[in-house]
> 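Just passing along the structure, written as structure tokens.
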Amino acid sequence: MIKKFGASIGSALLALHAGSAAAALQLNLTPGVTVGSHVAYDLHNLMMWIIVVIFVAVFAVMFWSVYAHRKSMGHKAANFHENTTVELLWTIVPIIILIFMAWPATKGLLMVRDTSNPDMTIKVTGYQWKWGYDYIKGEGEGISFLSQLSTPQDQIYGKEPKGEHYLLETDNHLVVPVGKKIRVLTTAADVIHSWFVPAFAVKQDAIPGFVRDTWFRAEKEGEYRGQCAELCGKDHGFMPIVVDVVSAEKYSAWVAEKKKEMAAAQDDPNKKWELAEMKARGEKVYAANCVACHQANGQGIKGSFPALDGSKMVTGPAEAHIDRVLNGKPGTAMAAFGKQLSDTDIAAAITYERNSWSNKTGNVVQPSDVKAARK
Amino acid sequence: MSAVIDNHAPAHGHDSHDHGDHHGAPHGLMRWVTTTNHKDIGTMYLWFSFIMFLVGGVMALTIRAELFEPGLQIVSPEFFNTMTTYHGLIMVFGAIMPAFVGFANWLIPLMIGAPDMAFPRMNNWSFWLLPPAGILLMSSFLLPGGAAGVGWTMYAPLTSQMGPGMDTTIFAVHLLGMSSIMGSINIITTILNMRAPGMTMMKMPMFVWTWLITAYLLIAVMPVLAGAVTMTLTDRHFGTSFFNAAGGGDPVLYQHIFWFFGHPEVYIIAIPAFGVVSQVIPAFSRKPLFGYASMVYATSSIAILSFIVWAHHMYTVGMPVAGQLYFMYATMLIAVPTGVKVFNWVATMWKGSLTFETPMLFALGFLFLFTLGGFTGLVLSLVPVDVQLQDTYYVVAHFHYVMVAGALFSAFAGVYFWFPKWTGKMYDEKLGKIHFWLTLVFFNMIFFVQHFLGLAGMPRRIPDYNPQFTEFNQISTIGAFGFGLSQLLFLYILLKAIKSGKPAEQKQWDGADTLEWTHLPTPMPYHTFENPPTVK
Ligand SMILES: [Cu+2]
Ligand SMILES: [Cu+2]
């Protein structure tokens with residue numbers, strides 16, 4: 001243990017030393033690729049200079065005192081304890097300095113908060129623990145998908161080496177065109193989340209039941225990463241954001257591709273499914289949407305998330321089960337999945353739960369059953 | 001301070017030097033359970049807070065151990081969340097606040113020449129609410145679903161998803177709040193009514209002033225916190241929807257209420273710390289506190305301003321830009337009175353006759369690092385910058401500079417300063433200095449690097465992170481373990497001094513000039529100032 005710690009101190013110090021060369025250790029805000037991030041970066045630098053100057057000035061006085069006015073140097077204490085002039089001075093001068101800081105901050109803020117005239121609008125929904133993206137205006141309108149962590153569990157638990165983008169990678173990236181003003185509407189389905197991408201200087205809380213907005217216009221193509229910034233429960237640390245900023249042509253191509261994909265994924269709502277194929281599909285839906293809480297073995301987490309294996313609701317009449325998954329249970333972490341998943345996916349997940357582990361109902365819940373239960 | 005002391009008034013009290021031997025005072029355990037003596041109660045507050053400090057510290061070390069490297073090694077994410085939550089709650093409500101109430105109990109009657117607090121029985125009750133509150137808080141861990149993993153801020157609606165551990169936590173907060181309010185009533189009444197003849201308000205030691213102001217802050221905001229958690233409780237169990245949009249409520253309302261308590265809370269912790277430092281620095285500069293009157297006004301303006309800046313914790317909730325501008329300007333304004341205080345302390349040292357015993361070292365550590373924390377606060381006050389830094393490690397670094405290097409350092413300064421007076425024994429100066437330097441170095445090791453983590457965008461309250469953040473997290477973790485071990489040295493220093501410390505002098509510090517030093521023998525009798533001294 002001690003050896004390990006020692007080695008880490010060594011490596012940490014080495015890394016610090018090599019910091020400038022390796023660029024691995026970031027010591028300042030990211031300069032970013034949006035107006036907002038430039039404003040923040042410049043303002044922060046300005047502040048640092050002012051602070052360093054004041055700090056050095058004040059503590060130079062203090063340390064001079066510490067050096068020169070020591071008793072051991074034979075210094076005798078003076079007895080002054082008031083001086084209206086200096087007291088006024090060190091009240092008024094800071095006020096002037098503050099005004100000097102407030103001016104660029106105000107200018108920057110007014111610029112950053114102007115969400116008018118966007119080229120595109122995207123709605124971002126926070127779920128425990130993934131993001132939903134709906135393109136609601138502009139090119140790509142109608143595209144809608146969920147995006148969640150794609151880092152394998154084995155990397156998290158140290159059974160596999162960690163990749164470069166460990167915890168900052170998702171299955172589906174948000175894709176936007178470069179140079180376009182993107183308005184982002186944020187909201188949430190369960191608890192408060194916060195959509196945070198440092199390179200855009202965008203951090204906007206996603207609040208259940210309310211819609212808030214922010215925007216960014218990325219100046220450079222590239223992949224930008226961020227994560228949820230508001231504590232949102234168990235997997236708060238595991239809901240990253242990846243944004244691909246691409247050229248206009250590439251964006252159009254992506255839109256066409258995505259639309260095709262979505263059309264292909266449309267299921268026939270009237271299809272009658274067999275148990276085996278429904279269960280196979282359900283396993284995937286369950287792995288993507290339910291394991292975080294109910295766990296792969298269906299045992300849940302004692303005290304927090306109920307076991308589905310052997311649950312009365314899951315082995316009882318299907319109606320109650322469908323209702324619980326469609327509409328959730330308000331005031332608990334069990335969300336209303338009716339808003340996120342298609343009838344077929346919900347039917348699949350339910351069928352899977354009803355026929356897995358020790359549950360052997362033999363029921364196949366059909367998409368039409370779910371549709372009938374939606375109101 | 002500028003009070004001139006009448007040295008003819010004889011040192012008062014009973015002949016016995018040992019508290020336990022006082023005639024009529026119960027012996028053994030019952031003495032502590034039934035005591036109404038401000039000294040006993042002060043001692044109990046201080047020990048309670050030290051125990052809580054160790055408990056909260058173990059939680060901090062759990063957090064830091066998990067964050068030593070990327071990946072999940074030691075705890076599950078749910079448990080990690082409970083650690084950040086209870087570390088915060090315990091340190092704020094169990095360690096720092098009771099520590100300063102302990103100082104208040106010990107010192108206010110002595111400094112103003114009063115025989116005891118105004119309501120000694122209520123004083124006993126204020127203290128004895130704390131252990132049940134602490135037990136209730138910790139019992140959350142044993143309930144089904146475990147303790148609540150919601151952060152010390154307990155934001156809705158995440159609180160609605162928690163198990164019964166949330167409810168015990170809410171009740172514990174209620175108890176702690178009651179204790180604080182009773183303590184505050186006691187402090188205010190004592191200061192306003194029980195000053196010795198001649199001890200006018202503007203002659204009171206700065207420490208007394210800071211507690212008077214703090215007590216008003218507590219009475220104003222503890223009920224607000226109680227309201228916030230009670231609304232959480234009814235939302236959880238009684239069908240209300242204060243914070244539930246589906247029922248017509250608003251989750252952000254919780255944040256407004258919480259921070260209306262929360263920002264003054266910052267000053268509830270900081271202002272008594274200012275008070276301690278304002279006694280220590282003049283004593284070791286052998287020169288009166290510079291700008292006494294401006295210090296009183298500055299402290300009062302900080303207290304008043306603290307009520308109108310709360311939403312600077314909420315810049316990213318999506319408030320109108322006019323709201324952001326207002327809260328930004330108001331927040332920046334706090335820098336002015338805070339600056340006045342720092343300048344006053346430096347001016348107190350200027351042309352003094354300085355020595356650097358352990359209390360002075362901690363006071364200077366406070367001055368230096370608290371100022372740094374104040375500056376990062378100024379950085380955070382600017383909305384465009386805060387949007388990048390809110391809920392990142394930069395904020396964690398900022399408030400630990402203010403809370404640990406601020407309040408905790410000041411509490412250490414206070415303990416070393418008054419320990420000889422309280423116990424009649426002198427601590428080991430050399431070990432004290434070692435404690436200071438270890439604490440200083442490890443503190444900065446933990447928290448300085450966290451500024452960089454925040455600037456690079458690492459969110460707070462996450463149990464695992466991308467490898468780009470590894471180096472600084474490792475430095476931070478190593479620092480944390482060093483810091484934790486250094487505090488065991490502090491315990492050793494105290495125990496050693498109690499057991500075998502050399503007898504302390506009446507005026508152990510030649511620059512100290514408040515009544516407890518000038519008028520009372522060391523060690524102090526169990527009852528003091530039964531006849532008030534005369535202050536000229
Ligand atoms: Cu989240
Ligand atoms: Cu605040």
Side-chain angles (χ1 to χ4, degrees), chain A residues 5 8-9 12 15 25-29 39-40 43-44 47 51 61-62 65 69-71 75-78 81 87 90-91 94-95 98 102 105 108-109 112-113 156-158 162 166-168 191-192 198 201 203-205 207-209 212 227 229-231 233-235 237 303-304 331-333, chain B residues 70-72 77-78 144-146 151 155 157-158 160-161 163 245-246 251-252 286-288 290-291 294 316-318 321 325 329 332 335-336 339-340 343 346 349-355 375 379 382-385 387-388 390-391 452 455-457 459 461-464 466-467 471 474-475 478:
Chain A
F5 261 70
S8 310
I9 299 184
L25 290 186
Q26 188 179 333
L27 300 177
N28 199 349
L29 281 175
V39 166
L43 197 54
H44 177 259
M47 288 296 288
I51 286 171
V61 175
M62 186 188 96
S65 220
H69 304 150
R70 270 177 294 167
K71 193 178 175 200
H75 196 270
K76 292 268 178 314
H81 54 81
E87 286 175 61
W90 67 39
T91 311
I95 293 180
L98 287 177
L109 180 64
V112 169
R113 282 299 301 267
I156 297 176
Y157 288 98
K162 296 176 178 36
Y166 176 73
L167 296 190
L168 295 179
V191 300
I192 302 177
K203 182 183 286 139
Q204 181 57 57
D205 292 0
I207 300 163
R212 296 286 150 83
Q227 38 191 329
E230 182 65 61
L231 179 62
K234 170 174 158 286
D235 284 348
S304 304
T332 75
Chain B
L72 291 175
E78 311 85 283
Y155 276 10
L158 186 58
S160 291
Q161 294 186 351
V252 176
R286 293 166 183 77
K287 197 165 147 277
F290 186 87
S294 71
T316 62
V317 296
V321 67
L325 284 174
Y329 298 149
M332 294 175 81
V336 176
V340 167
F343 298 140
V346 173
M349 293 168 64
W350 187 251
K351 290 203 188 287
S353 178
L354 303 172
T355 54
F375 274 129
V379 171
L382 303 181
V383 181
V385 183
V387 166
Q388 286 283 48
Q390 149 80 3
D391 267 325
F452 301 129
L455 287 166
R461 294 168 169 170
I462 58 175
D464 193 4
N466 181 275
E471 287 80 4
Q474 297 195 329
I475 296 173
I478 295 163

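Just so we're on the same page: letters track the sequence lines, and every chain starts at 1. Fair warning: this is a prediction, and the values are worked out from it, not measured in the lab.
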> Looking at B:Gly146, B:Gly163, B:Ala456, B:Ala335, which one has more heavy-atom pairs under 4.5 Å with chain A than the rest?
B:Ala456
> So, A:Lys203 side chain and B:Gln388 main chain: donor-acceptor pair closer than 3.5 Å or not?
yes
> At a heavy-atom distance under 4.5 Å, which candidate from A:Asp235, A:Ile207, A:Val112 has the highest pair count against chain B?
A:Ile207
> For chain A, find which of B:Pro144, B:Pro467, B:Gly151 contributes the most heavy-atom pairs closer than 4.5 angstrom.
B:Pro467
> Taking every non-hydrogen pair under 4.5 Å, which of B:Leu325, B:Val317, B:Thr355, B:Val383 racks up the most with chain A?
B:Val317
> Is B:Phe343 in contact with chain A via its backbone, its side chain, both, or neither, using a 4.5 Å heavy-atom distance?
both
> Locate the shortest heavy-atom distance separating B:Ser294 from B:Gly291; write the atom from each residue and the value.
OG-O, 2.9 Å
> For the residue pair A:Leu29 and A:His44, what are the closest heavy atoms and their distance?
CD1-CB, 3.7 Å
> Do the side chain of B:Ser353 and the main chain of A:His75 share a donor and acceptor less than 3.5 angstrom apart?
yes
> Counting only heavy atoms closer than 4.5 Å, note whether B:Ala246 contacts chain A via side chain, backbone, both or neither.
neither
> Using non-hydrogen atoms and a 4.5 Å limit, figure out which bit of A:Arg70 sits close to chain B: side chain, backbone, both or neither.
both
> For B:Trp350, is there any backbone N or O sitting under 3.5 Å from a side-chain donor or acceptor partner on B:Lys287?
yes
> Relative to chain A, which segment of B:Tyr329 carries a heavy atom at a distance below 4.5 Å: side chain, backbone, both, or neither?
side chain
> For the interface with chain B, which of A:Ala40, A:Ala102, A:Ala201, A:Gly209 has the highest count of heavy-atom pairs at distances below 4.5 Å?
A:Ala201
> Are the side chain of B:Asp464 and the backbone of B:Gly71 linked by a donor-acceptor contact shorter than 3.5 Å?
yes
> For the residue pair B:Leu455 and A:Leu27, establish whether any side-chain heavy-atom pair is separated by less than 4.5 Å.
no
> Looking at B:Gly318, B:Gly352, B:Ala245, which has the largest count of heavy-atom pairs under 4.5 Å with chain A?
B:Gly352
> Let me know if B:Pro157 has heavy atoms under 4.5 Å from chain A in its side chain, its backbone, both or neither.
both
> Shortest non-hydrogen contact from A:His69 to B:Lys351?
ND1-N, 2.8 Å
> Which bit of A:Gln204 comes within less than 4.5 Å of chain B, counting heavy atoms only: side chain, backbone, both or neither?
both
> Work out which heavy atom in A:Gly237 is nearest to a heavy atom in B:Pro463; give both atom names and the distance.
CA-CD, 4.3 Å
> Among B:Leu72, B:Leu354, B:Ile462, which has the most heavy-atom pairs under 4.5 Å with chain A?
B:Leu354
> Please look at A:Lys162 and chain B and tell me whether the side chain, the backbone, both or neither of the residue comes under 4.5 angstrom of a heavy atom of that chain.
side chain
> Taking side chain as C-beta onward, heavy atoms only, is A:Glu230 less than 4.5 Å from B:Asp391?
yes
> Using heavy-atom distances under 4.5 Å, tell me whether A:Met47 contacts chain B through its side chain, its backbone, both, or neither.
side chain
> Heavy-atom pairs under 4.5 Å with chain B: which of A:Ser304, A:Pro198, A:Gly158 has the most?
A:Pro198
